[in-house]
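Structure, as structure tokens:
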Amino acid sequence: MGIISLKSLNISFPIFNPMKNTEILTCFQCGTCHASCPSGKYTSLNVRKIVRDSVRKDISDQPELWMCTTCYNCQERCPRGIKVTDFVLTLRSEAVKKGKILPAHRKVCNFLIKTGQSIPIDDKHRDIRKKLGLRIDEAARKKALKDVKKLLISTGFGELIKK
Amino acid sequence: MKDLSLFAGCLIPNRYPGIEKATGLVLDRLGIKCFELKEAACCPAPGVYRSFDKITWLTLASRNLVLAEEKGTDILTICNGCFSSLMDANNILKNDAVLRNEVNAHLKKIGKEYRGTIEVRHIMEFLHTDIGVKKLSDAIEKPLEIRTAVHYGCHLLKPTKERKLGSAECPVFFDELVEATGAKSVPYEGKTSCCGAGGGVRSAMLETSFKMTEYKLDRIVRAEVDCIIDSCPFCHLQYDAGQVELKKSGKNFDIPVLHFSQLLGLALGYTPEDVGLHLNEIINPGFFGKIAEIQKRNAPGR
């Protein structure tokens, strides 16, 4: 008999260590979360399943993690009072640590790093602002960007999204 | 009550500046002193950054909070996303000494310190609580006899334990403010349901987000309203630019989208152009004509 690898047994370590938040273990899989989910009506996102699977295996590859609009319906209605939406955010952070970042989100992050804003101004809207009599304080924006850059280096955000 | 600093965010100044203009006009008319928080950066947006790294999200949010602390003002937001990020970060940092110390270690590198001395407000709850429906109603010059579909937006109300603005299943304060302008808030199926944009879904899965938007627009049109009223530029973008996208697959809704500041501006006598409605993607001439007619009919001193 050859060596049995963990992979061949289809065992993986859970994405989330439930000992960090034992609240999640009180879930009794009632499905109120999924029934309340506006995204789950149209997509393969099933929050109940995500909660169940997250403490059993590595689900960081699942695209469903990113189908949640964070509307908080599941969290509001959970009869156990589990902070379900906040938990989805935690799972996302764990996936990001493993480098699982969607290209569009990486792009938004790069906007922040380069401009200090997630949706930077463009020429069209610069012009519209002028016509409306709304000014842009370029010096203030520059100062803001300088601070943001320092803070992002300090928290290691640039390194995180390079993964 | 402290003075207010306006936190305009990214999306309003850079994509829907008409909302910023309208907000300035209405606050000025109501005699509410509010200064721009000039050195502010991204709130940062809850969908992507809060998902990615909590400490980065908290640190950037705390810098914005500190700017207002230094001025001794509360923060006034006009976007549900900014409200959500800044209010949640403020609550977390006020109550969690470990996280506060960690964030302050980062802030020290730009010579700042978070103290937890201010509050974060949203224009809708601010108008309802601090100005009041009665006073707002008294200020209206041209009651707008139109039918509207109110969209609260998820992060204005939820999580309810943080927002403390009452029920998220059957909220009323936004509707009361809309009705103070003379407009009718028409009930519709799925009223408190999500527009589809949040959580980074719009940016990464546009088609998926539009499925939720289409559901909302369909129910809104069935309610036979003149326009949608929102309190968030992200919902605004999703409904307004979303209609342009949905048109490509033959789905025509053609329904104007207004931020509450713009609706209030119209009721205070400003023209659709004054409040930047001509800058929307969806321009419905019939709606502009109706507003002009109402404003003419309800002119003061008639």
Side-chain angles (χ1 to χ4, degrees), chain A residues 38-39 41-43 63 66-73 75-76 83 85-86 88-90 92-93 96-97 101-105 107-109 111-112 115-122 125 128-129 132-134 136-137 140-141 143-148 150-157 160-161, chain B residues 10-11 13-15 17-18 20-21 24 36 38-56 59-60 63 105-107 109-110 112 154-155 157-160 168-169 190 192-206 208-209 211-212 215 276 279:
Chain A
S39 180
K41 252 174 32 181
Y42 302 102
T43 66
W66 301 95
M67 292 176 186
C68 163
T69 65
T70 70
C71 81
Y72 282 96
N73 273 2
Q75 183 156 323
E76 288 295 320
K83 289 183 175 160
T85 315
D86 290 345
V88 170
L89 296 180
T90 305
R92 285 180 170 187
S93 315
V96 166
K97 276 186 208 157
I101 301 174
L102 298 173
H105 290 156
K107 201 173 148 192
V108 176
C109 292
F111 281 144
L112 178 71
T115 69
Q117 298 190 311
S118 295
I119 299 146
I121 189 92
D122 55 20
H125 291 91
I128 289 174
R129 289 188 67 83
L132 289 174
L134 298 167
I136 296 175
D137 192 326
R141 282 201 174 180
K143 174 79 176 55
L145 178 58
K146 205 174 147 195
D147 280 1
V148 166
K150 272 188 197 164
L151 292 174
L152 290 179
I153 289 170
S154 182
T155 64
F157 188 70
L160 181 73
I161 65 152
Chain B
C10 299
L11 195 46
N14 299 341
R15 291 296 179 274
E20 184 180 338
K21 170 97 186 293
E36 191 192 344
K38 279 185 186 158
E39 283 177 20
C42 185
C43 56
V48 173
Y49 308 111
R50 191 174 185 178
S51 296
F52 273 39
D53 183 43
K54 192 174 177 181
I55 290 297
T56 299
T59 303
L60 289 197
R63 178 185 170 275
H106 294 301
L107 284 178
K109 294 179 185 164
I110 57 164
K112 296 202 185 296
C154 304
H155 297 130
L157 301 166
K158 299 173 276 185
T160 48
E169 305 288 359
T192 54
S193 195
C194 176
C195 70
V201 176
R202 183 190 159 82
S203 54
M205 302 178 183
L206 196 60
T208 297
S209 76
K211 285 178 185 158
M212 289 171 255
Y215 163 81
L279 300 169

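Residue numbers begin at 1 in each chain, while the letters A, B, ... track the order of the sequences.
Counting heavy-atom pairs closer than 4.5 Å to chain B, the top-ranked of the candidates A/Asp137, A/Thr90, A/Val88 is A/Asp137. Taking chain B as the reference chain and counting heavy-atom pairs below 4.5 Å, the highest number among A/Glu76, A/Lys97, A/Gln75 is found for A/Glu76. Contacts with chain A were tallied for B/Thr59, B/Ile55, B/Leu157, B/Thr192; B/Thr59 has the most, counting heavy-atom pairs under 4.5 Å. Annotation: maximal heavy-atom pairing with chain A below 4.5 Å, among B/Ala45, B/Ser209, B/Cys43, B/Cys194, occurs at B/Cys194. Ranked by heavy-atom pairs under 4.5 Å with chain B, the first of A/Val148, A/Ile128, A/Leu152, A/Thr70 is A/Thr70. With respect to chain A, the highest number of heavy-atom pairs below 4.5 Å among B/Pro17, B/Gly47, B/Gly18 belongs to B/Pro17. Chain B forms the most heavy-atom pairs under 4.5 Å with one residue out of A/Ile121, A/Thr43, A/Asn73, and that residue is A/Ile121. Looking only at heavy-atom pairs under 4.5 Å with chain B, the residue among A/Pro120, A/Gly156, A/Ala104 that has the most is A/Pro120. Highest contact tally toward chain B, considering only A/Lys107, A/Arg141, A/Lys146, A/Lys83, is held by A/Arg141 [criterion: heavy-atom pairs under 4.5 Å]. Your options are B/Lys21, B/His155, B/Arg63, B/Arg202, and the one with the most heavy-atom pairs under 4.5 Å with chain A is B/Arg63.
A donor-acceptor pair is defined here as one N or O able to donate and one able to accept, closer than 3.5 Å; no such pair exists between the side chain of B/Glu39 and the backbone of A/Lys143.
Screening A/Leu160, A/Leu151, A/Ile161, A/Thr155 against B/Thr56 for a side-chain contact (heavy atoms from CB on, under 4.5 Å) leaves a single residue, A/Thr155.
With a 4.5 angstrom heavy-atom cutoff, A/Gln117 touches chain B via backbone and side-chain atoms both. The parts of A/Asp147 that come within reach of chain B are both its backbone and its side chain, each placing non-hydrogen atoms under 4.5 angstrom from that chain. Looking at B/Pro46, neither its backbone nor its side chain comes within 4.5 Å of chain A, counting heavy atoms on both sides. Using a 4.5 Å cut-off between heavy atoms, A/Leu132 touches chain B through backbone and side chain atoms alike. The part of A/Lys41 that comes within reach of chain B is its side chain, from C-beta onward, which places non-hydrogen atoms under 4.5 angstrom from that chain. Interface remark: B/Thr160 contributes backbone and side-chain atoms alike to the contact with chain A (heavy atom separation under 4.5 Å). Looking at A/Asp86, only its side chain comes within 4.5 Å of chain B, counting heavy atoms on both sides. Within the 4.5 angstrom heavy-atom criterion, atoms from both the backbone and the side chain of A/Ser39 approach chain B. Heavy atoms of A/Ile136 lying under 4.5 Å from chain B are absent altogether. Heavy atoms closer than 4.5 Å to chain B are found in both the backbone and the side chain of A/Cys71. Contacts of B/Glu169 with chain A are made by side-chain atoms alone, with heavy-atom separations under 4.5 Å and no backbone atom involved.
Rounding to the nearest 0.5 Å gives a distance of 9.5 Å between CH2 of A/Trp66 and OG of B/Ser203.
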Run B/Leu60 and A/Leu112 through side chain to side chain contact (heavy atoms under 4.5 Å, CB included) and show every step you take. CA-CA 11 Å; B/Leu60 289 197; A/Leu112 178 71; 3.7 Å; yes
Carefully, step by step, assess B/Arg15 and A/Asp122 under the rule salt bridge (Lys or Arg N to Asp or Glu O under 4.0 Å). CA-CA 9 Å; B/Arg15 291 296 179 274; A/Asp122 55 20; 3.7 Å; yes
Could you give me the CA-CA distance, side-chain angles and deciding distance for A/Leu89 and B/Lys54, then say whether side chain to side chain contact (heavy atoms under 4.5 Å, CB included) is met? CA-CA 9 Å; A/Leu89 296 180; B/Lys54 192 174 177 181; over 6 Å; no
Going through the checks in order, is the side chain to side chain contact (heavy atoms under 4.5 Å, CB included) test met by A/Ser118 and B/Tyr49? CA-CA 10 Å; A/Ser118 295; B/Tyr49 308 111; 2.9 Å; yes
Before giving the answer on side chain to side chain contact (heavy atoms under 4.5 Å, CB included), spell out for A/Val96 and B/Ser51 the whole-Å C-alpha distance, their side-chain angles and the decisive distance to 0.1 Å. CA-CA 8 Å; A/Val96 166; B/Ser51 296; over 6 Å; no
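For B/Gly199 against A/Arg92, the heavy-atom pair with the smallest separation is O-NH1, 2.9 Å. Of all heavy-atom pairs between A/His105 and B/Ala204, the closest is NE2-CB, 3.4 Å.
Between A/Cys109 and B/Val48 there is a side-chain heavy-atom pair separated by less than 4.5 Å. Put simply, the side chain of B/Met205 reaches to within 4.5 Å of the side chain of A/Leu102, judged on heavy atoms. The shortest distance between side-chain heavy atoms of B/Tyr215 and A/Pro38 does not fall below 4.5 Å.
Between A/Phe157 and B/Phe52, the ring-plane angle classifies as tilted under the 30° and 60° cut-offs.
Counting only N and O atoms by type, the side chains of A/Ser154 and B/His106 include a donor and acceptor under 3.5 Å apart.
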